[in-house]
2 protein chains.
Amino acid sequence: MARIEDVAVRAGVSVGTVSNVLNRPQAVSPATRAKVQAAIAELGYVPHAAARALVAGRTSTIGLVVPEVTNPFFADLARGAEDVADEHDVTVMLYNSDKSADRELRYLGQLETQRVQGILVTPVRQVTGGMDALVARGTPVVLLDHPAGRRNICSVTVDDHTGGALAATHLIERGHRHIAFVGGPLTVVQVGARLAGAREVVEAAGGTLEVIETRGLGVAAARTAATDFARRPAATRPTAMFCANDILALGALQTATREGLRVPDDLAIVGYDDIDFAAAAAVPLTSVRQPRHQLGRVAAQLLFEEIHEPAQHGHRQVVFQPELIARESSRVPAHAG
Amino acid sequence: MARIEDVAVRAGVSVGTVSNVLNRPQAVSPATRAKVQAAIAELGYVPHAAARALVAGRTSTIGLVVPEVTNPFFADLARGAEDVADEHDVTVMLYNSDKSADRELRYLGQLETQRVQGILVTPVRQVTGGMDALVARGTPVVLLDHPAGRRNICSVTVDDHTGGALAATHLIERGHRHIAFVGGPLTVVQVGARLAGAREVVEAAGGTLEVIETRGLGVAAARTAATDFARRPAATRPTAMFCANDILALGALQTATREGLRVPDDLAIVGYDDIDFAAAAAVPLTSVRQPRHQLGRVAAQLLFEEIHEPAQHGHRQVVFQPELIARESSRVPAHAG
DNA sequence: AACGTTCGCTATAACGATTCAATAACCGAG
DNA sequence: CTCGGTTATTGAATCGTTATAGCGAACGTT
């Protein structure tokens with residue numbers, strides 16, 4: 001493969017001049033510039049990023065580690081972060097930890113080894129020792145959709161507690177008093193917070209909140225939960241269901257419908273995330289919307305702030321507020337209106 | 001940040017020894033090994049990937065460029081590729097071209113600059129000049145889910161023509177003669193091939209295939225198409241619908257149901273991809289399943305073959321066969337059985 | 001005509017690791 | 001003891017860039 005020196009020889013100039021053509025073209029006379037560019041084209045020269053990074057001392061990339069690429073929530077987050085990175089002429093390396101703490105740690109290590117400028121990460125569980133060490137060694141890190149317990153790190157989150165409260169308030173206002181929360185594992189911080197927010201509101205209103213913990217947040221989990229639910233005698237069954245995410249909600253909606261329950265007449269459903277599918281469902285789904293793109297943008301901005309002005313950078317915990325999008329799945333049934 | 005020399009000084013050994021501890025631990029005595037490891041821990045030393053890559057002449061990564069990370073099809077592809085990469089101690093850099101040829105080209109350039117060992121790519125449209133040049137310069141490339149026109153490159157695809165034929169045959173066997181194909185743009189190779197396969201079968205059986213071209217493959221496209229469809233007089237309406245993917249099919253299913261059509265009684269639906277949601281839908285969806293994980297695996301295997309034995313490597317075009325998964329959405333209606 | 005000033009280009013020292021030939025240390029055998 | 005043969009460690013060359021100091025040549029000013 002052609003090196004910069006091959007280009008220099010071919011163009012009859014020094015390597016320094018070739019480097020200048022590449023990095024500060026205006027510092028080179030048009031004539032030599034043309035010669036060099038011709039040589040580059042003829043040889044198919046492609047600069048060697050590692051050599052560049054070595055002398056520069058850093059790469060022009062940041063890392064983004066998410067637990068689930070398939071999830072539109074994280075895809076939008078990534079999009080937001082990429083937009084900001086583009087403005088800074090930095091590229092984003094995307095890694096999918098797939099909810100495995102092992103993979104997460106491995107990827108973080110890899111990113112550090114590569115001397116990325118900084119890292120955006122949605123930790124699988126909590127902030128581990130490995131991550132702390134990384135921060136201590138000087139790599140700027142911003143937590144995405146995960147609160148920073150410590151104050152030595154920035155974080156950008158959406159207020160899940162309020163989100164849960166929003167959903168519950170909405171259902172209470174619609175006249176429901178017996179509500180089910182579906183989601184899990186409850187140890188997942190987001191799930192836990194949504195539940196807590198909902199519980200507060202329901203209890204304050206004198207209602208009861210029944211927790212149906214699932215193993216995960218996928219369609220399969222929804223199906224088993226909803227099947228069991230639908231087969232209970234109507235009298236003991238909550239009249240509304242708040243699901244920890246839309247996938248769960250859609251799964252529940254479909255399964256409940258198949259089991260003969262009418263939504264929202266027999267069962268009102270509220271989801272979380274407002275994914276595209278939510279609005280397009282057989283019964284359009286009421287959902288709690290998070291400013292996901294904005295979340296990614298702000299996280300990246302905080303990261304770049306820390307990268308460029310480490311001195312006067314104060315670590316901040318940014319909290320966004322979610323918004324309830326009311327649709328048909330929680331409409332007040334005609335007979336109750 | 002600590003360099004290898006700092007470690008060497010601290011441990012009282014030479015840099016060569018530190019390097020040995022890192023790369024061939026068995027070649028250094030247990031005593032010094034311990035000293036060095038202690039120094040590494042104390043200083044928080046992290047090797048510099050760029051420096052390594054520079055002397056090694058190559059990185060231990062491969063690139064994967066897909067048009068849509070959100071799509072479970074590509075997520076599974078990626079998983080398959082990653083599994084194989086892991087076996088080779090190579091990490092996968094994932095890039096989302098987001099169906100933009102510009103981004104695709106930019107990412108490919110970046111990967112070449114980084115001297116990755118090879119690249120797996122699902123081209124947005126066709127194989128462009130930029131990609132040819134890259135191959136000519138010597139970076140091994142394998143096309144994923146896209147046929148290689150030229151024979152100077154490997155490709156791994158699923159036979160979309162057969163997939164379309166399978167779907168059509170299934171519907172014909174169920175007694176349908178008037179069938180709609182929904183999907184688009186038709187210039188997308190996969191969409192075109194599925195249509196062609198279906199058309200062949202339908203015409204051979206003496207039926208008619210009506211093409212409803214959509215702007216894209218998302219929920220929104222499905223909704224408009226299905227709404228128009230459902231409002232046509234029943235007599236002029238096809239009795240079955242073959243959608244170019246499951247998202248479209250699910251969108252159509254939901255919209256049609258809302259417009260009062262019963263599935264499969266008034267309208268049979270067959271999708272493509274067999275995503276998780278397909279089986280869990282209100283009416284479980286008949287779909288054409290592709291061996292996606294396997295696709296990613298084999299693509300990566302071909303890539304590594306080319307990387308390790310460039311000499312005796314013959315470029316191959318591997319074609320997988322899809323499989324029809326029959327479910328309720330295309331069941332024969334009771335009155336016709 | 002001599003003198004600074006630009007301007008365009010060159011030569012070379014980093015950057016941080018790995019590799020490998022050379023050397024030192026050690027050990028048992030003669 | 002000394003010698004051959006391992007084994008452990010060292011030191012320097014190397015990878016492909018960028019940055020920088022320096023060096024002529026050309027030019028405008030006095």
Side-chain angles (χ1 to χ4, degrees), chain A residues 1-37 39-40 43-61 89 109-110 112-117 137-139, chain B residues 1-37 39-40 43-61 89 109-110 112-117 137-139:
Chain A
M1 234 180 169
R3 297 157 308 138
I4 202 170
E5 198 186 333
D6 302 324
V7 175
V9 170
R10 173 121 192 178
V13 298
S14 74
V15 296
T17 301
V18 177
S19 174
N20 281 335
V21 170
L22 261 26
N23 304 303
R24 296 120 73 186
Q26 78 293 351
V28 175
S29 77
T32 33
R33 203 190 308 157
K35 271 193 306 185
V36 171
Q37 271 155 352
I40 288 176
L43 294 167
Y45 167 74
V46 175
H48 195 299
R52 280 189 164 168
L54 183 54
V55 17
R58 61 191 187 122
T59 50
S60 57
T61 54
D89 274 311
Q110 214 153 94
E112 188 179 17
T113 265
Q114 282 173 40
R115 299 291 193 273
V116 293
Q117 296 196 11
R137 266 178 244 121
T139 302
Chain B
M1 233 180 169
R3 296 156 309 136
I4 199 172
E5 200 188 330
D6 302 326
V7 175
V9 170
R10 174 119 191 179
V13 298
S14 74
V15 296
T17 300
V18 177
S19 174
N20 281 336
V21 170
L22 260 27
N23 304 302
R24 297 119 74 184
Q26 80 292 353
V28 28
S29 76
T32 36
R33 202 190 309 158
K35 269 193 308 185
V36 171
Q37 271 155 351
I40 289 176
L43 294 167
Y45 167 73
V46 175
H48 194 299
R52 279 190 164 167
L54 185 54
V55 18
R58 60 191 188 120
T59 50
S60 58
T61 55
D89 273 312
Q110 215 152 94
E112 189 179 15
T113 265
Q114 283 173 40
R115 299 291 192 275
V116 293
Q117 296 196 12
R137 266 179 245 121
T139 303

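So you know, we letter chains A, B, ... as the sequences are listed, proteins then strands, and number each from 1. In this text the structure is predicted, and so the values were computed from the model without any measurement.
A straight line from CD1 of I4(A) to P of dT12(C) spans 16 Å, rounded to a whole angstrom. Taking atom CD of residue E5(A) and atom C1' of nucleotide dT12(C), one finds them 12 Å apart after rounding to whole Å. In this structure, the CG atom of L22(B) is 11 Å from the C1' atom of dT18(C), given to the nearest Å. The interatomic distance linking R52(A) (CZ) with dC15(D) (C1') rounds to 16 Å, in whole Å. Across the protein-nucleic acid pair, R3(B) atom CZ and dT18(C) atom P stand 14 Å apart, rounded to whole Å. To the nearest angstrom, P of dA17(C) lies 21 Å from CZ of R115(B). Rounding to whole angstrom units, CE of residue M1(B) and C1' of dA17(C) are separated by 15 Å. Rounded to an integer number of Å, the gap from H48(B) NE2 to dA14(C) P is 17 Å.
Here the side chain of S14(B) is nearest to one of dT10(D), dA12(D), dG16(C), namely dT10(D). Of the candidates dG16(C), dC9(C), dT17(D), the closest approach to any side-chain atom of V28(A) belongs to dC9(C). The listed nucleotides are dA17(C), dT10(C), dT19(C); the one nearest the side chain of R24(B) is dT19(C). In this structure, the nucleotide among dC15(C), dT9(D), dA17(C) sitting nearest to the side chain of P47(B) is dA17(C). Distances were taken from every side-chain heavy atom of L54(A) (C-beta onward) to each of dT10(C), dC15(C), dT9(D); the shortest belongs to dC15(C).
Within the nucleic acid shown, V7(B) has no heavy atom closer than 4.0 Å to any nucleic acid atom. As judged by a 4.0 angstrom heavy-atom cut-off over every strand, R58(A) is placed among residues making no nucleic acid contact. Among the heavy atoms of the strands lying under 4.0 Å from T17(B) is at least one base atom, whether or not backbone atoms are also near.
Put simply, T32(B) has no side-chain N or O that comes within less than 4.0 Å of OP1 or OP2 on dA8(D). S29(B) has no side-chain polar atom (N or O) that falls below the 4.0 Å cut-off from OP1 or OP2 of dT7(D).
A donor-acceptor pair under 3.5 Å is formed between the side chain of R115(B) and the backbone N or O of P47(A). The backbone N or O of A53(A) sits nowhere less than 3.5 Å from a side-chain atom of T59(A) that would complete a donor-acceptor pair. No side-chain donor-acceptor contact under 3.5 Å links N23(B) to the backbone of N20(B).
Test T32(A), V21(A), V7(A), V28(A) against V13(A) for side-chain contact (heavy atoms from CB on, under 4.5 Å) and you get one pass: T32(A).
Counting non-hydrogen atoms of other residues, nucleotides and ligands closer than 6.0 Å to CZ of R137(B) gives a total above 12.
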